[in-house]
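Here the structure is laid out as structure tokens; the discussion comes afterwards.
Each ligand, and each atom within it, is numbered from 1 in the order the structure gives.
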Amino acid sequence: MKKDKILVIGACGQIGVELTLALRKMYGDANVVASDLREEHELLKGTGPYVSLDVMNKEMLHVLIIRHNITQVYLLAAILSATGEKNPLLAWHINMQSLLNVLDIAKEENIDKVYWPSSIAVFGPNSPMQDTPQHTIIEPTTIYGISKFAGERWCEYYNHRYGVDVRSLRYPGLISYKSAPGGGTTDYAVEIFHEAKEHQTYTSFLSENTYLPMMYMPDAIRATIELMEADASKISVRSAYNLSAMSFSPKEIAAEIKKHIPAFTIQYEPDYRQQIADGWPNSMDDSLARADWGWKHEYDLAKMTEDMFKNI
Ligand code: NAD
């Protein structure tokens, strides 16, 4: 067991639950403090320490970090893309201030490592859509994407200026079955499995040929931990790495689901989320992550679909 003491902020979300459980396995249950605004998630109960925390309260966050001798922080609290468009100023405020609170305390207290996720949402309609490169035109049009891009710049700034060891990934849309998604544009790819199983039909809020980069949660958790475990000398990107596994459209995932549930049907009723998706890449080039710290995905659409139906 390692001596690190980890704080996960936003531990009850889609990523937080699984990441907390994975970190507890690696570092020991008592060494991973889970925290969130919400009540403790069912799957976390009894698995390790839990504290109620509003990350916007910097003083409380500071006290918590000192009291628990925290050496690593994973900041997952955020307002996601679809929810963010409903209240842009709030999304900007929460997404920025939470990160600045964490980075500033990390600098003051010499925290060993900080993890904060970015997103494919940093890209915009002027970015190349296919195999979007690591370094390219970045002109996000959603407030979520704008806050992620600004966050990336802050991460790099705190690393270069103050030596804070902060690491980040541009996650694609994440598909999982343990904890529900929190208001993103790729949530359809989770909902579709539940609706297929329960009602054999699904109405997609994205059009049939909308391709987006996607990833199965076990790959995302492994990528996060591998990035955080990598030797600092291997991390050449201090803003956020492109990260990729697969790319598919609602039509393609529906066809894959039909292999398991032949009666399954899909309808398309695009809503405001279509416009968000249209500004994002179809697929991502993550060759830098693969070269720098050895990233390799395991799940493609077929393997993920099989595993989802085994578990939901
Ligand atoms: P989520 O919405 O499921 O979870 C976020 C958690 O943060 C929630 O449990 C919420 O209660 C908590 N939270 C919100 N405000 C808080 C506050 N003020 N103080 C403490 N906790 C607070 O989100 P997620 O999908 O788990 O995403 C985690 C991170 O990964 C976010 O930064 C998100 O932008 C990023 N990301 C997610 C995806 C995805 O597909 N899920 C894709 C790209 C990037």
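- Using a 30° and 60° split on the angle between ring planes, F309 and F193 fall in the perpendicular class, above 60°.
- Looking at D286 and Y241, their side chains never bring a donor and an acceptor atom within 3.5 Å of each other.
- In this model, a donor atom of one side chain and an acceptor atom of the other lie less than 3.5 Å apart for E152 and S118.
- Ligand 1 places these atoms under 4.0 Å from at least one heavy atom of L76: 5 (C), 28 (C), 29 (C), 31 (C), 32 (O).
- Looking at K234 and D231, no side-chain N of the basic residue comes within less than 4.0 Å of a carboxylate O on the acidic one, giving no salt bridge.
- Near Y144, meaning under 4.0 Å from any of its heavy atoms, are these atoms of ligand 1: 33 (C), 34 (O), 35 (C), 36 (N), 43 (C), 44 (C).
- Counting atoms of ligand 1 from 1 in the listed order, those under 4.0 Å from a heavy atom of A77 are 7 (O), 13 (N), 16 (C), 21 (N), 22 (C).
- Near G182, meaning under 4.0 Å from any of its heavy atoms, are these atoms of ligand 1: 2 (O), 3 (O).
- For ligand 1, none of its N or O atoms has an N or O atom of S119 under 3.5 Å away.
- In summary, E306 and K303 do not engage in a salt bridge, as defined by a charged side-chain N under 4.0 Å from a carboxylate O.
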Item to complete: Check the pair Y74 / W116 against ring-ring contact (aromatic ring centres under 6.0 Å, His included), numbers first and verdict last.
Response: CA-CA 6 Å; Y74 286 72; W116 169 85; over 10 Å; no
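- The backbone N or O of A245 lies less than 3.5 Å from no partner atom in the side chain of D300, so there is not a single donor-acceptor pair.
- Of the heavy atoms in W116, none comes closer than 4.0 Å to ligand 1.
- Distances from atom 30 (O) of ligand 1 to the heavy atoms of I79, V8, I15, L61 show the closest one on I15.
- Shortest contact from atom 23 (O) of ligand 1 to any protein heavy atom: L80 CD1, 3.7 Å.
- Taking atom 4 (O) of ligand 1 as the reference point, the nearest protein heavy-atom neighbour is G13 CA, 3.2 Å.
- For the pair L212 and L206, the minimum side-chain heavy-atom distance is below 4.5 Å.
- Taking distance alone, with nitrogen or oxygen atoms compared against 3.5 Å, V55 approaches ligand 1 more closely than that limit.
- Residue contacts with ligand 1 include K148, since one or more of its heavy atoms lies under 4.0 Å from the ligand.
- Here S118 has backbone heavy atoms under 4.0 Å from ligand 1, and that is the only part of it that gets that close.
- Checking only distances, Y171 never comes within under 3.5 Å of ligand 1, N or O to N or O.
- Aromatic ring orientation, Y162 versus Y158: tilted (interplanar angle from 30° to 60°).
- For a threshold of 3.5 Å applied to N or O pairs, the pair formed by R38 and ligand 1 contains at least one separation below that value.
- Residue contacts with ligand 1, taken as heavy atom pairs separated by less than 4.0 Å, involve P172 solely via the backbone atoms N, CA, C and O.
- The ligand atoms of ligand 1 that sit less than 4.0 angstrom from a heavy atom of G10 are 6 (C), 7 (O), 12 (C).
- Between R273 and T185, the side chains place no donor N or O within less than 3.5 Å of an acceptor N or O (distance only, hydrogens not considered).
- There is a path of hydrophobic side-chain contacts, each under 4.5 Å, that joins L243 to M228.
- Each of the atoms 17 (C), 18 (N), 19 (N) of ligand 1 lies under 4.0 Å from some heavy atom of D54.
- The existence of a salt bridge linking D165 and R238 is confirmed by a sub-4.0 Å separation between a basic side-chain nitrogen and an acidic carboxylate oxygen.
- Regarding atom 3 (O) of ligand 1, its nearest protein heavy-atom neighbour is Q14 N, 2.8 Å.
- Within the structure, ligand 1 lacks S81 among the residues with a heavy atom less than 4.0 angstrom away.
- Ring orientation note: the planes of Y216 and Y177 are tilted relative to one another, at an angle of 30° to 60°.
- From the protein, the heavy atom lying nearest to atom 9 (O) of ligand 1 is D36 OD2, 2.7 Å.
- Residue contacts with ligand 1: L75 is placed with no nitrogen or oxygen under 3.5 Å of a nitrogen or oxygen of the ligand (distance criterion only).
- Using a 4.0 Å cut-off between heavy atoms, L53 contacts ligand 1 through its backbone alone, with no side-chain atom that close.
- If you check each of L37, L174, I120 against atom 39 (C) of ligand 1, the one with the closest non-hydrogen atom is L174.
- When only modelled atom types and interatomic distance are considered, H199 and E195 share a side-chain donor-acceptor pair under 3.5 Å.
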